[in-house]
Amino acid sequence: MYYVDLLISGVAFGCLYAMATMGLTLVYGLLRILHIAHAALFTLGAFVGVWVFNASGSLIVGLIVAILAAVVMGCLIYRLIYESILSQPPYVPLLASLGVLIFLQDGFRIVFGEEGLTVRHNPFYMANFTIGAFSINVIYIVMAGGALISMAVLAFFANYSRHGIAWRATVSRPLLAANFGVNVIQVRYAAFAAGSALAAIAGVLVALMNNLVEPHSGELISYKGLAIIVLGGLGNMQGAFIASLVLGIAESFGIGLAGRYVDRDAIAAVALIATLMIFPNGIGRART
Amino acid sequence: MLELQDFSCGYGGTAAVESLNCTFAAGALTALLGPNGAGKTSTLMAVMGHVAPMGGRILFEGRDITNRPPVDRSKIGIAVVPEGRQLFGDLTVEENLIVGGYSLPVAAARAEQEQVYSLFPRLAERRAQISGSLSGGEQQMLAIGRALMAKPKLLLIDELSLGLMPKMVDVCIEALTRVRQNGLTIVLVEQNTSRALSIADHVYVLASGRCVMHGSSAEVKDNTEIFEAYVGIH
Amino acid sequence: MMRRIVFLTAMLSACAVTSAPADIIIGMHAPLTGFAAVDGKSARIATEIAIGKINAAGGLLGQKVQLQVFDDQGQGAQAVTIANKIVSDNAAILVIADSYSEPTRAAASIFQAAKMPYISAVASHPDITKVGNYVFRGSQLGEVQGGSTAVHIAKALKKSKVSIVTVDNDYGSSLLNGFKAAMGAQGVTLVGEYSFTMAERQFGSVVAGLRRDNADVIYIGGYWFQGGPLVSQIRAAGITTPIISSGLAAQQFIKIAGPAAEGVMIVDATGDDNANPEYPAFRAALRAQEAEANVFFSEIAHTAVDIAANAIRRAGSTDREKIRDALASTKDLRTMYGTLASYTSGREIIQRMPLSIVKDGKFAASGEMEIWLPAP
Amino acid sequence: MTGYHLSLISLTGIMIVFAVSLNMIMGLCGQVSLGHAAFYGVGAYVTAMMSAGGVPTLYALPVGMLIAGLMGLIVGFASLRVRDDFLAITTLAVGFLFVGVVRKSRALGGEFGISGIPESGLGPAGDAFLVAFCVVLTVALSVYLSRNWTGLAFRSISANEEAAQTLGINSAHYKLLAFCIGCALAGLAGGLYANYARFIVPGTFGFSLSITAAAMVVIGGIGSTAGVVAGAVLLTLFPEIFRFLGDYRMLVYGALLVGVMLFQPKGLAGIPSMVRRWAGPR
């Protein structure tokens, strides 16, 4: 039973990581930028979602406004920051991205307050789903379900729609895709929009679980997100999803069984270093 | 159809092509020949909009397209079969074709796709296969098919025969001969000069970024001395 | 380069200190920004309220009291710079640390070396007072809290199987050490032991372990920003085991944990019905400045000023040595927190330990706990 | 000069050594490192443990340097395998691993850290002098390396690795050397910090310190020793200089980082030439 509990919590968090970091994967695939400011969009989504939910009483409205806010902010970050420094060496966008993260986190602190926001009428609060001796937090089910549904929608779009196929072609060869009439700039905005929307949903879900959003809530995914895109094979969506699940489960068991000797962040670090030493260009097909 | 007027282009301020004047007649197959580094690929890439122009103009059907972004060039009817095929390796055969026809309306693209499959039945057999796993010849077929998907008026082909078995080259050339019957204009960059001379209507010979000689295939073949000095017959 | 830095910093320090020479200056550092900014705010405003009251009543030794506040960001490196600055300015006659153990430990030796009386209001690490005879405590040691909790679980709650979850820093470790040192003699056994980092909010693995342990009581030691999510996640998993905790006496904890907080016992917290007659006015003042997020921090910050003011009055002088001696001889002092009986020779407080329990969204006083003291 | 000034000077000097050491890796060799604080931490822990064990500070410091340099060598080998942003992520993971290991290690004091590190016995002015000496040494080495053949090799690697190899420059050799020297100097800075703070905890050596160091290098001007020194001074005194900003310091810090990356990627070092350009030839 204990191991089942650990597995459930690991899977729930793996799914959440996948949803929260998909934007990093999409952006890295298209632009080769380590978009660490993505973590701030997670927090932005959580803050806006909770704030609107508290004010309006409707979780759906809160979620929609949160998604809109994160999408607008994500696209703005691309337009105002990354677009002009794409041709610079990789550390330039990386540090600019970090600057954006610091700036936004402190902005959240100033706007929403140090102590963050709590959810006033949390529908998932203390809700659990019981079958016999077995019970699961409803929020875990929502987290895993939400992630699976949104990833499925994204995967369906990427594999079965013309625009999705064009998007994947752009990831593969951006210059050439442009020659076939794919508007690469639009594809980039679409990637930022989709990734930011997923981050916002993930942010709201974590806020519902903790009943709390803090200015630095996004730190949960900032560094781990980078680990996931490397483990998952750089810009590869399925790979990132699997990597997220593996990391979530590894953390759950690592903390559960050896929490006194193992640090949560160190688990991702060891996995990352080992992976890169074995596959210096990341897991996945070598690009030609 | 396509005209380069006193055209120069290059990378990071260094000219790869200088003062080039070429005319590519509608419906003709024109070959660009020359040794490595002569500027053939740069010329093609400049026509696609990937090499910065440094002077002169590119006219397509009389319109100046020198500074148009790559995205527009496919819409006005230019398509490319790039050197080394450059397929979207993670995508399936069919998906590569879908991207090729991205600028067409959905129904037209679907019709075009059937055309390509009838041109290359091998591709139809392998439509669900990941394109990165195809053989070299199949990849070249797919690259040509992908370019044809956009119903181009002008097709640019870079190194058709490179790394292919002669049998596969024949299949590709046969396909090109077939599509030419619909009035397609083709610009072919080739290392295999004898093959190129056998199918081309007109030939430009480049060396060090300049045009050193041009004329009909027959004229160029007759001027073997000058031609061999620059290119050498393989 | 060097000269430029010196010039720059000289200019800055000239701007920073602009106090009338007649005032009594009390220094203070707290985490005003950074991860513990909420606590820092609660402490700073409480200190200002306490000093405002003193000044309204005529000040100390006939002089106005002035507070100099520095932001240590909860970091040791910052505290070193601040301590050096306060010592160099040589204006403060006493310094209060309303901060976590890391910055307090880093600064303590500097104040000791300068013979400047230093009260660690909040930090509970045992080493702080061992630095020297100028360093005093303002609240109960982590070890004492942990040990007394073990005693309380055995004697008052009459339970024996305990799961313990502590924050992975020196506060959590001291609680754990105290608990373990005391539990043997009480017949209390640990059935599960977990720790979490400062940044942790996701407790899936811990909750899974707690469910397996099936203990009689769960003891949590940490801060409100972890305790809130942890208690919610425990209750959300359907675990109904009683919870006793250290460090969660912040309004914000109840706000986050909501109904899950109900029934949680809080060690060493006076509750919202504090018996001090000045307490309601104090709370109203805090509320007016939106500083009620961590009332526990506010209470002990106020208490540190109570202790300092009392010592300065009794010393009858701003001489630091005399103030030190007066601090050491503090006796039966009524503070915002309770009654400080006296100091031990190791400058630790001897004070009764209240227990409160969360009831209807408030901290309700729930009697006192028997005090356990570590073997010297 | 008061203790406060000495303390600020010491801290600034320590950060200069630290930032210049990172610049050896990032600037001279083009290898982005986001886990440099780990080596600073290694130096700090080794020095602290040895001092606490009774070894005089002046002997403990070089040992800390040596061990940090050896650790740097190991990570340097990793840098031969992975490149660019992968290396950045690898070093980032090294940083997290270091903090994770120290945090859980009883022998290193765990979360409690190491306190009561004895004084060096040089007094506050002596300590500040020691730091100043190390700053001079580090800056001199950095200038020497960047002006000499080794520096040339470093820079050619950072400009174009393949080209450097065809010129007969063994890039592996120089990358390892860069990592080794850079990390050893970071260890020196860490040792000085342990002696300065006399109390260390694992959290100090985390991601934010690595980022601060990277920001110092980049804001100062990657590759320029003078620029990096200026960047280190600016960011170390940032809380002091920008005290008037009060609550908005981090906001300004983030905006500054973005602004520099967008408008002046050459950092402070690029300003003189920019001014010259504005002034224009007469």
Side-chain angles (χ1 to χ4, degrees), chain A residues 28 32-34 36-37 77 80-82 84-85 88-107 109-110 114 215 219 222-224 226-227 229-230 234 258-282, chain D residues 26 30-35 75 77-106 110-111 158 202 206-208 211 214-215 217-219 222 247-263 265:
Chain A
Y28 191 85
R32 303 281 136 176
I33 287 178
L34 296 172
I36 204 163
I77 291 175
L80 299 178
I81 314 289
Y82 296 145
S84 60
I85 50 177
Q88 304 270 2
Y91 71 86
V92 173
L94 176 62
L95 286 169
S97 191
L98 262 169
V100 172
L101 179 63
I102 295 172
F103 179 86
L104 287 178
Q105 281 193 350
D106 209 46
R109 183 184 63 79
I110 292 162
E114 316 267 6
E219 278 165 18
S222 59
Y223 142 78
K224 231 162 267 168
L226 301 183
I229 61 170
V230 170
L234 301 159
R260 284 163 50 69
Y261 312 100
V262 180
D263 183 82
R264 182 185 280 257
D265 289 336
I267 295 173
V270 169
L272 186 59
I273 294 171
T275 308
L276 280 175
M277 289 302 104
I278 301 165
F279 306 98
N281 296 312
Chain D
M26 267 178 82
Q31 310 283 309
V32 176
S33 169
L34 292 179
V75 178
F77 276 111
S79 83
L80 301 182
R81 249 183 107 61
V82 294
R83 280 189 200 163
D84 294 338
D85 29 8
F86 292 102
L87 181 61
I89 309 179
T90 309
T91 53
L92 184 116
V94 168
F96 276 94
L97 187 58
F98 171 79
V99 175
V101 167
V102 174
R103 191 171 264 162
K104 297 287 180 179
S105 159
R106 289 269 146 106
E111 283 285 350
S158 111
F207 186 49
S208 66
I211 291 308
V217 170
V218 168
I219 288 177
I222 194 159
D247 227 13
Y248 300 92
R249 275 195 322 245
M250 289 313 284
L251 197 74
V252 174
Y253 182 66
L256 186 67
L257 201 54
V258 177
V260 169
M261 287 298 96
L262 283 185
F263 304 114

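Note that the coordinates shown come from a computational prediction; the quantities given were computed from them, not determined experimentally. Lettering follows sequence order; numbering is per chain, from 1. Below, all heavy atoms of this structure are taken into account, side chains as well, without hydrogens, waters or symmetry copies.
Between A:Ile102 and D:Tyr253, the closest side-chain pair of non-hydrogen atoms falls below 4.5 Å. In this structure, D:Met261 and A:Leu94 have side chains that are not in contact, with every pair of non-hydrogen atoms separated by 4.5 Å or more.
The two residues D:Leu251 and A:Asp106 make their nearest non-hydrogen contact at N-OD2, 3.0 Å. Taking every heavy atom of both residues into account, D:Ala93 and A:Ile273 meet most closely at CB-CG1, 3.6 Å. Between A:Ile85 and D:Leu262 the shortest heavy-atom distance is CG2-CD2, 4.0 Å.
Neither the backbone nor the side chain of D:Val99 comes within contact range of chain A, judged by heavy atoms closer than 4.5 Å. Heavy atoms of A:Leu95 lying under 4.5 Å from chain D belong to its backbone as well as its side chain. The part of A:Ile36 that comes within reach of chain D is its side chain, from C-beta onward, which places non-hydrogen atoms under 4.5 angstrom from that chain. With a 4.5 Å cut-off on non-hydrogen atoms, A:Leu101 does not touch chain D at all. Residue D:Phe98: no heavy atom, backbone or side chain, is found under 4.5 Å from chain A. Of the two parts of D:Leu97, the backbone and the side chain both hold a non-hydrogen atom closer than 4.5 Å to a non-hydrogen atom of chain A.
We find the CG-CG distance between A:Leu226 and D:Leu92 to be 6.0 Å, quoted to the nearest 0.5 Å.
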